[in-house]
Amino acid sequence: MLNDGLRWIDCACALVGACLAYNWLSEKRKRRARGGLPLPPGPRGLPFVGNIFDIDPGRPWETYTEWTKQYGEIAYMKLFSQDVIVLNSERVVRSLIDQRSAIYSDRPEVPTNKLFGADFNTAFLPYDDEWKLHRKLFHNTLHAETCISYQPLILQRVHILLGDLLKNPGSASFEPHLRMFTASIILAVTYGYQAVAWSDDLVQCAAKLVKLLIDALPPHRAAVLGAFPILTRLPTWFPGAGFLRDAVKGRELARHALEDPFEYVKQQMAAGTASRSMVSDLLTEVDEKQLTPEMERAMKAMASTVFLAGFDTSSSFMFTFILAMRMHPDVQRRAQAEMDAVLGGGRLPTFEDRPSLPYIEAIIREVLRWQIILPLSLPHATSSDDVFEGYFIPKGAMVLPNVWAMVRCVPLPPNQPPADVFEPARHLDPSTGQLLPEQNAITGHPQFGFGRRVCPGRFLSEATMWAAIASILAVFDVCPALDGEGREVPVSGEYSTGISIRPLPFECEIRPRSKKAEQIILEALDV
Ligand code: HEM
């Protein structure tokens, strides 16, 4: 019995020894391949697991920001066998991802994408011909000029949102209205589909798929499954393998999200009743010969990606805006004074008013600066070895742009409030009230990513954000919710964690500013 035990211990020691020796040898081989160049500095990891325990899994961007003190703008770590390069300043991100985009435009392979049926998503595709075709289709349908033609549709959807907020003003209902607003704009622009309720089949299918993917794919799970792909083959009843049951649901939802709305457009076009949309434009442009199975697959995939990539990000932006207004009534008053001076208090804003409303521009920039929806953007990957400022960057490395650090942790001019304070006026020239000349276009903001993988939905997002923010502030006050005894319900201002973040649920009342404001909304809805 004792001998049996010793034999097991011997075997275990031999196995661990062999793993360590293999690790050491492969590291030595890699060092030789680097031609003696060092990797960027970073924390020493543990054998085999690497730096997995050095990171705060809830807010890893804060860990990486902390590292700048010791390692500077670029850091190296290892997650199991995956090389990871963390870029902690806009300077290095622009130098690498923008200026060397031929090397930095790949994506790391995440086994869960395929498992959940989401590997069609443009955002997850490797840097290959299929991805290039998707981007071409995105360019044809969502570039800056095309988005101008969506302005009437955006305003129509914004007016419906104002009507919904007017009809159901309770503190529990603003979240569903904002969600419905983003979902309905996306489905209208992509498929010409007029969703009227959250219970709509298409809305439900797409929203459930987004939720499943976000809940099921936290980065630590992706890292573990990347290191042990065998785990994706466990039976669904296996203890701890609950995510595999979600994966079955995910594949079913993904199939519907790809096929159903695309078929809807084809049927509407055949009947001559299709509204203009991204998909109808694409189908009109190609003749029968060009509509190869490959082309049709790409069209379905890029169209489905619009919801997956645009719904959660856009909703998060809107929730942050409402939270900021709830916390800063002074900002609302100043925005409303600007709006009343331009609109005369008698109508809703249109896109023609935009140049006359610099404070609204400043609010959008401040919402983008204040909370970063994707604090680590989406991970890029290198498709060949590279050398940057004397450091070796290996092929296949995951590259994480720390947008949080580059937007929230940069030194501010001495006259500006601290970075965590929401203050739109920081974007304006105090003497003229106009945007500061160095204010870049919103669509160039680091929040929308970098290089060849920059968000193709940024022009649509910018137009939607502007119309929604300007219209809400023109006719509504965002006020504190009151409890049963008439006291203000406080808001914590806390955020969720994960790849994309959003404010934790909070309460507020969105009330019409006046009887006249109510009338303006009803007139816009033609009620
Ligand atoms: C506030 C709203 C949004 C934010 C903050 C945002 C942000 C981002 C970011 C950071 C990326 C990754 C870029 C990179 O890898 O460097 C991205 C990718 C992407 N976004 Fe957006 N996005 C938003 C809305 C939208 C919308 C409305 C759409 C669709 C119309 C969209 C479509 C995409 C797609 C398809 C990709 C993948 C691009 C690729 O991998 O080539 N996004 N977005």
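Nothing fancy with the numbering, it's 1 onward along the sequence. Numbering of ligands and ligand atoms starts at 1, following listing order. From a predicted model like this one, the values you see are computed outputs, not experimental measurements.
- Side-chain contact of Thr320 with Tyr495: a donor-acceptor pair under 3.5 Å is present, judged by distance alone.
- Nearest to atom 29 (C) of ligand 1 among the protein's heavy atoms is Val306 CG1, 3.6 Å.
- At a 4.0 Å cut-off, at least one heavy atom of Arg107 sits close enough to ligand 1 to count as contact.
- For Phe138, the heavy-atom gap to ligand 1 drops under 4.0 angstrom.
- Contacts with ligand 1 closer than 4.0 Å are made by no heavy atom of Arg452, backbone or side chain.
- A cation-pi arrangement is found for Arg59 relative to Trp404, the charged atom lying closer than 6.0 Å to the ring centre and inside a 45° cone about the ring normal.
- Among pairs with a residue in residues 299-320, those fulfilling salt bridge (Lys or Arg N to Asp or Glu O under 4.0 Å) read Glu259-Lys300, Glu296-Lys300, Asp312-Arg502, at least two apart in sequence or across chains.
- Scanning the protein for heavy atoms near atom 38 (C) of ligand 1, the closest one is Arg135 NH1, 3.2 Å.
- Pairs passing the salt bridge (Lys or Arg N to Asp or Glu O under 4.0 Å) check and including a residue from residues 189-212, sequence neighbours excluded, read Lys211-Asp215.
- Of all non-hydrogen atoms in Leu258 and Ser304, the two that sit nearest each other are CA-OG, 3.3 Å.
- Taking NE2 of His328 as the start and CD1 of Ile363 as the end, the distance is 11.0 Å to the nearest 0.5 Å.
- Atom 14 (C) of ligand 1 has as its closest protein heavy atom His380 NE2, 3.3 Å.
- Arg453 O, 3.2 Å is the protein heavy atom nearest to atom 13 (C) of ligand 1.
- When only non-hydrogen protein atoms are considered, atom 10 (C) of ligand 1 lies nearest to Gln447 O, 3.2 Å.
- Counting atoms of ligand 1 from 1 in the listed order, those under 4.0 Å from a heavy atom of Leu142 are 30 (C).
- The closest approach between any non-hydrogen atom of Phe311 and ligand 1 is not below 4.0 Å.
- With no hydrogens or angles considered, no side-chain donor-acceptor pair links Arg453 and Tyr104 at under 3.5 Å.
- The shortest distance between side-chain heavy atoms of Ser496 and Leu504 falls below 4.5 Å.
- Around atom 21 (Fe) of ligand 1, the protein contributes the following N, O or S atoms under 2.8 Å, ordered by chain and number: Cys455 SG.
- Residues that satisfy the side chain to side chain donor-acceptor pair (under 3.5 Å) test with Arg369, not counting sequence neighbours, are Glu366.
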